[in-house]
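Within every chain, numbering begins at 1; the chains are lettered A, B, ... in the order of the sequence lines, protein sequences first and strands thereafter.
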Amino acid sequence: MPELPEVETVRIGLQELIVGKTIESVTVYESKSLPAPPHDVAAFVRGATITAISRRAKVLLVQLSTNYTFVIHLKMTGQLVYRGESNFGAGHPNDSLIGELPDRSTRVSLQLSNGGVLYFNDQRKFGWIKLFPTTEIPFIDFMQAYGPEPLEAAFTTDVLYDRLQRRRRTNIKAALLDQTVLAGIGNIYADEALWGAKIYPKTLVQELTKKQVDLLWQEIRFVLALSIEKGGSTDRNYVNAEGKRGSYIDFARVFRREGKDCPRCGSEIIKMRVAGRGTHICPTCQVL
DNA sequence: CACTTGACCTGTCCGC
DNA sequence: TGCGGACAGGTCAAGT
């Protein structure tokens, strides 16, 4: 579900809503979602102040004053929604996509000292929250394996070209979804960027010209930045920290637009299967 | 080793 | 309406 723009949108929202607030208690509705002895977690975080929210790849990091950090992966259907102050005890905002909380997909909640509550909802239970000592975070195996952040200045077109060399014999769609090549792209933005660069998703990485990679680099940055501006994509479950939807999907050129016209050439967009994932292309613009 | 497939879960949608 | 099957934005372990 949430890819880089969605996770970044949640991060921005949480930064506004919960930084500086103190954790009073933790409620675990589903132990799979917070895989640790709950008593330990509750004891470690009680009384801790939330000092910063950051993001690496699709992972959110909620840093606490006690030198511990919550590491959170939303996977396909995870949501982090804050309810407090203005709407405390009064149901929910009218423009929120979700209703009264907790609901049946609520897995964990954090009660804050101001009366606000942060809810972790996750319909499919793939997502998780883990607590780590802050100093250990850079050494966690999956954190070490992540490729570069595509929106950082250090991510040049040459960096993309070099990173792609580790998956020369697979197709470009699978390579873009590989978080060790570059971090943060998922199914939506892989399809959108490949359409932008006019690349057929089954093209082998080793067949791509440098010129194609340059264009792909540009399109990756374009779609990710545009989506953050639009508050991410709400196709099904995704909502931001206020429970509101994102609007990138209204600007999508191919994703979930099968049967509709390609905005560039007017051909009918088709859906196919690549790297085990539903893949949307313009059969005229994107050819081998 | 590089790469692909199935499993993890719940919910929804589509065809019969 | 009911029921079975396919599918859904991510990532691993297990398979080839």
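Arg55(A) pairs with exactly one of Glu3(A), Glu6(A), Glu149(A) by the salt bridge (Lys or Arg N to Asp or Glu O under 4.0 Å) rule, that one being Glu149(A). Checked options Thr203(A), Asp178(A), Asp191(A); the residue passing with Lys173(A) is Asp191(A) (criterion: side-chain hydrogen bond (donor to acceptor under 3.5 Å, both in side chains)). The only option from Leu97(A), Asn237(A), Val10(A) that meets the side-chain contact (heavy atoms from CB on, under 4.5 Å) definition with Gln79(A) turns out to be Asn237(A).
Not one side-chain nitrogen or oxygen of Gln179(A) sits closer than 4.0 Å to the OP1 or OP2 atom of dG10(C). OP1 or OP2 of dG10(C) sits under 4.0 Å from a side-chain N or O of Lys58(A). Dashed line: the shortest gap from a side-chain N or O of Arg273(A) to OP1 or OP2 of dA8(C) is under 4.0 Å. One finds no side-chain N or O of Arg277(A) lying less than 4.0 angstrom from the OP1 or OP2 phosphate oxygen of dA8(C). The shortest distance between the side-chain N/O atoms of His73(A) and the OP1/OP2 oxygens of dT11(C) is below 4.0 Å.
Counting only Watson-Crick or G-U wobble pairs whose defining distances are both under 3.5 Å, the stems of 3 or more consecutive pairs in DNA chain C are B:2-8 with C:10-16, B:10-16 with C:2-8.
Here Arg253(A) pairs with Glu192(A) in a salt bridge; the nearest charged N to carboxylate O distance falls below 4.0 Å.
Distance check, rounded to the nearest 0.5 Å: OG of Ser105(A) to CZ of Arg124(A) gives 13.0 Å.
Nucleic acid contact for Gly278(A): sugar-phosphate only, since backbone atoms but no base atoms lie under 4.0 Å from a heavy atom of the residue. Within 4.0 Å of Gly276(A), counting heavy atoms only, lies no atom of the nucleic acid at all. The residue Asn187(A) sits close only to the backbone: its heavy atoms come under 4.0 Å of sugar-phosphate atoms, none of a base.
When ring centroids are compared, Phe120(A) and Phe70(A) stay outside the 6.0 Å threshold.
Lys130(A) places its NZ atom 12 Å from the P atom of dT11(C), with the value rounded to the nearest Å. Per the geometry, CZ belonging to Phe142(A) stands 16 Å off C1' belonging to dA13(C), to the nearest Å. Put simply, CG on Asp141(A) is 13 Å from C1' on dT11(C), counting in whole angstrom units. Note: CD (Glu6(A)) to C1' (dA8(C)) measures 14 Å, nearest angstrom. Regarding Ile249(A), its CD1 atom lies at a distance of 13 Å from the P atom of dA8(C), rounded to whole Å. Following rounding to the nearest Å, Arg56(A) (CZ) and dG10(C) (C1') show an atom-to-atom distance of 16 Å. Put simply, CH2 on Trp128(A) is 10 Å from C1' on dT11(C), counting in whole angstrom units. Between the CG atom of Asp122(A) and the P atom of dT11(C) there is a distance of 13 Å, rounded to whole Å.
In terms of position along DNA chain C, the nucleotide closest to Arg124(A) lies nearer the 5' end than the nucleotide closest to the other residue of the pair Arg124(A) and Tyr146(A).
For dC9(B) and dA13(C), the P atoms lie 15 Å apart once the distance is rounded to whole Å.
In terms of modelled atom types and a separation under 3.5 Å, the side chain of Arg256(A) and the main chain of Asp235(A) share no donor-acceptor contact.
Residues Ser65(A) and Thr51(A) bring no donor and acceptor atom of their side chains to less than 3.5 Å of each other. Of the N and O atoms on the side chains of Ser96(A) and Arg83(A), at least one donor lies less than 3.5 Å from an acceptor on the other residue.
Taking every nucleotide of DNA chain B with any atom under 4.0 Å from a non-hydrogen atom of chain A, the first and last of them, 5' to 3', are dC3(B) to dG11(B).
The hydrophobic cluster containing Val19(A) also contains Leu110(A), counting ILVMFWY residues as joined when their side-chain heavy atoms lie under 4.5 angstrom apart, directly or transitively.
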